[in-house]
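Quantities reported herein were computed from a predicted structural model and do not represent experimental measurements. One-based numbering, in listed order, for ligands and for the atoms of each.
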Amino acid sequence: MTIKPFPRPKSGDGIGAVADTDVGLTSRITKCRSCGSTNLRAFLDLGEMPLADRFLRRDQLAEFEPRFPLEAVFCDGCALPQILMTVDPNVLFRDAYPYYSSFIETVLSNARDSAREIMSRIPLSQDSLVVEIASNDGYLLKNFVEHQIPVLGIDPAEGPVEEARRIGVESLCDFFGVELAGRLVAAGRKADVIIGNNVLAHVADTNGFVAGIARFLKPEGIAVIEAPYVRDLIDHCEFDTIYHEHLCYFSATAFANLFERHGLYLNDVQRLPIHGGSLRYFASTKSKPSQALVDLLQEEKTLGLDTFEYYRDFAVRVDNVRERLRQLLIDLRSQGKSIVGYGAAAKGTTLINYADIGTDLVEYVVDKNVHKQGCFMPGKRQPIFGPERILSETPDYVLLLAWNHAPEIMKQLDAYSQAGGHFIVPVPEPAIIETQG
Ligand code: JHZ
Ligand code: ZN
C-alpha cells in the first residue's frame, strides 16, 4: 500500500491566518509559562489549527474562521511541555463555550470518586468551604452539596454556570487567578479544599493561578488538581489532545516545580484513566510526600520525562498515525463504505484538521451534547447530529473522535454493533475494533 503525502495546513490555506483576526490578547510566548526559562525546544508543529471548541453555527459558515499556529515545545528549565500560542481566553471560554461535563457518565463517575476521596482525606462540615475552579455545570460540587457542605464554583462560561446555579451549586461566573483570590479572601472567604480539574493547563497566567490557590487555601487545606498526564499523551500518541485550550502538558515533576514556587507541596498523586490518562495531584502548604509520589517521581526520572529525549521522536510517530489513519479511511471509502464520527470532542477538531479528514471521508459527526448538535465541526465542517442517527442510518464505520470514552460509547451503540457496524479508533494507532455483529 502506498501512502501519499499531503500538504500540512499552513498560513493562508483557505481559511486564514492569525494576523487577520480580531484575537484580543492572543500572543506567542518566548519564555516558559512556569519557570520563565527561554530554553524552549520545539518537538511538534501541527500547523495552523482552528479553535477546537468553536463549533460553527449554520449562519457562521460563510464567515471567516480564525486559525492559529499550534506548536509544542519542551522547557529545559522545569521539564514542562507547552504550546507557544496563547489565544485570548475570552475567545476560548466565554460566551458559547459548549462543554457541559454532565453529558459524560465517565466524567460524572470520576467526579463522584474524587468527592469521596477528598471527604476521606479531610474532615468537612457545614463550616467548611469546598471551591472548584472550572466548576462547569456543577457536575462535581453537587456531590458536596448532597452532604450539606458549603461550596463555591468558579467558571467563566455563562451557560454551564447558569446550569450549576439551577441545580443549587453556588457559582461565580469569572476567571480564577490571584486577583479574584485576593477579593474572595478580603470578603472573608478561605477554602478548605480547592479542586481544579482540567483547568491548570488552560490558564495563561500559570503562576498567577497557582499563587491564587496558595492565597485562597486555608493553612490546613488541600488543593486537588487533575490534569492529563503528559506521559500517557506521549506514550499513546494522543496528539489530538493538543489544542489551543491546553497550554501546558504536566508531569508530576513539572507540577511539583510549579507548585513549590508558590509554597505549595505536591504530597500525593493518583493515576486515573480519564481523558486518555490523567494524574490527580494533592498539594498543601506542608511537605509530606507519600510513597506513591516518591515512586512516581523516580519513575519519571528513570524514563527521562524530564529530558527532551522523551519527546524527540513524537512528531514522527504523530505523522505516522496521521498517514495510516488517512489511508485507512481512504481505502474504506474507495470500497464504498460509509464513515461517520462519534463525539464532537475538542480533540476531534485537532484530529480531523491535522489528518485532513473532510466530509468526503467522514460525512457527519454525532454528539449527545444538544449545544453542539446543529453546528458544524471547526475547520472541516462536518454537520453535528444526535447519536440516534447512527442507529437509524447504520453507517458501515464509526470513527471514535472521543476515543477516550470508547467503552461508554460502544456500550450505548450495542444495537449498532449487532447490526454489523464497526468502530475505528485513531490512537494509539488507527485500528478497526472487531465487533460481534
Ligand atoms: P471529551 C474537553 O475535551 C475540553 P474534549 C476541555 N478543554 C478539556 O480539558 C477536556 O475535555 C478534558 C460527547 N459524548 O470528554 C460529549 C457523547 O456524545 O472527550 C463530548 O462532546 N456521548 C475542557 O471535548 C464529547 O463526546 C457519549 O456517550 O476532547 C467528548 O468530549 C460520550 C461519552 C461523550 O472532551
Ligand atoms: Zn520552564
* Does any N or O atom in N198 lie less than 3.5 angstrom from one in ligand 1, N or O only? ->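 No, N198 has no N/O under 3.5 Å of an N/O on ligand 1.
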* Asked: What part of N404, side chain, backbone, both or neither, has a heavy atom within less than 4.0 angstrom of ligand 1?
  ->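 The answer is the side chain of N404.
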* **Proximity of K368 to ligand 1 by residue part, where a heavy atom lies under 4.0 Å** =>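 Both backbone and side chain.
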Could you tell me whether [X] sits above the aromatic face of [Y], with NZ or CZ closer than 6.0 angstrom to the six-membered ring centre and within 45 degrees of the axis?
| X | Y | result |
| --- | --- | --- |
| R312 | F43 | no |
| R389 | F385 | yes |
| R41 | F308 | yes |

* Evaluate ring-ring contact (aromatic ring centres under 6.0 Å, His included) for F74 paired with Y311, printing each intermediate quantity in order. => CA-CA 8 Å; F74 172 81; Y311 308 88; 5.0 Å; yes
Of the protein's non-hydrogen atoms, which lies at the shortest distance from [atom], and what is that distance?
| atom | answer |
| --- | --- |
| atom 28 (O) of ligand 1 | Q412 NE2, 2.5 Å |
| atom 7 (N) of ligand 1 | E245 OE1, 2.6 Å |
| atom 31 (O) of ligand 1 | A345 CB, 3.6 Å |
| atom 19 (O) of ligand 1 | K347 NZ, 2.5 Å |
| atom 32 (C) of ligand 1 | I409 CG1, 4.0 Å |
| atom 2 (C) of ligand 1 | Y99 CE1, 3.4 Å |
| atom 23 (C) of ligand 1 | Y97 OH, 3.1 Å |
| atom 24 (O) of ligand 1 | A346 N, 2.7 Å |

Do the ring planes of [X] and [Y] sit parallel (below 30°), tilted (30 to 60°) or perpendicular (above 60°)?
| X | Y | value |
| --- | --- | --- |
| Y397 | H422 | parallel |
| Y281 | F255 | parallel |
| Y354 | F239 | perpendicular |

* Under 4.0 angstrom from ligand 1, any heavy atom of E105? ->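 Outside the 4.0 Å threshold, so no.
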* State which residue, out of R324, R317, R322, fulfils the salt bridge (Lys or Arg N to Asp or Glu O under 4.0 Å) condition with E429. =>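 Result: among R324, R317, R322, R324 is the only option passing the salt bridge (Lys or Arg N to Asp or Glu O under 4.0 Å) with E429.
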* Asked: At the Zn ion (ligand 2), what angle lies between atom SG of C75 and atom SG of C35, rounded to 10 degrees?
  ->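 It rounds to 100°.
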* To do: Quick one: pull up OG1 in T349 and CG in N353 and give me the separation to the nearest 0.5 Å.
  =>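 If I round to the nearest 0.5 Å, the distance is 6.5 Å.
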* Roughly how far, to the nearest 0.5 Å, is the CG atom of L401 from the CG atom of D240? ->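 Answer rounded to 0.5 Å: 8.5 Å.
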Proximal atoms of ligand 1 relative to [X] (non-hydrogen, under 4.0 Å):
| X | value |
| --- | --- |
| K372 | 20 (C), 21 (O) |
| H202 | 6 (C), 7 (N), 8 (C), 9 (O), 23 (C) |
| G343 | 26 (O) |

* To do: Using only heavy-atom distances, determine whether the side chains of E238 and Y229 contain a donor-acceptor pair under 3.5 Å.
  =>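 Judged by distance alone, the side chains do not pair up.
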Which option out of [options] puts a heavy atom nearest to [atom]?
| atom | options | answer |
| --- | --- | --- |
| atom 17 (C) of ligand 1 | Y342, W403, Y243, F103 | Y342 |
| atom 13 (C) of ligand 1 | T241, V199, D367 | D367 |
| atom 8 (C) of ligand 1 | H405, H246, H275 | H246 |

* Over all atoms of both residues, closest heavy-atom pair of S278 and D232 ->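 Minimum heavy-atom contact is N-OD2, 4.1 Å.
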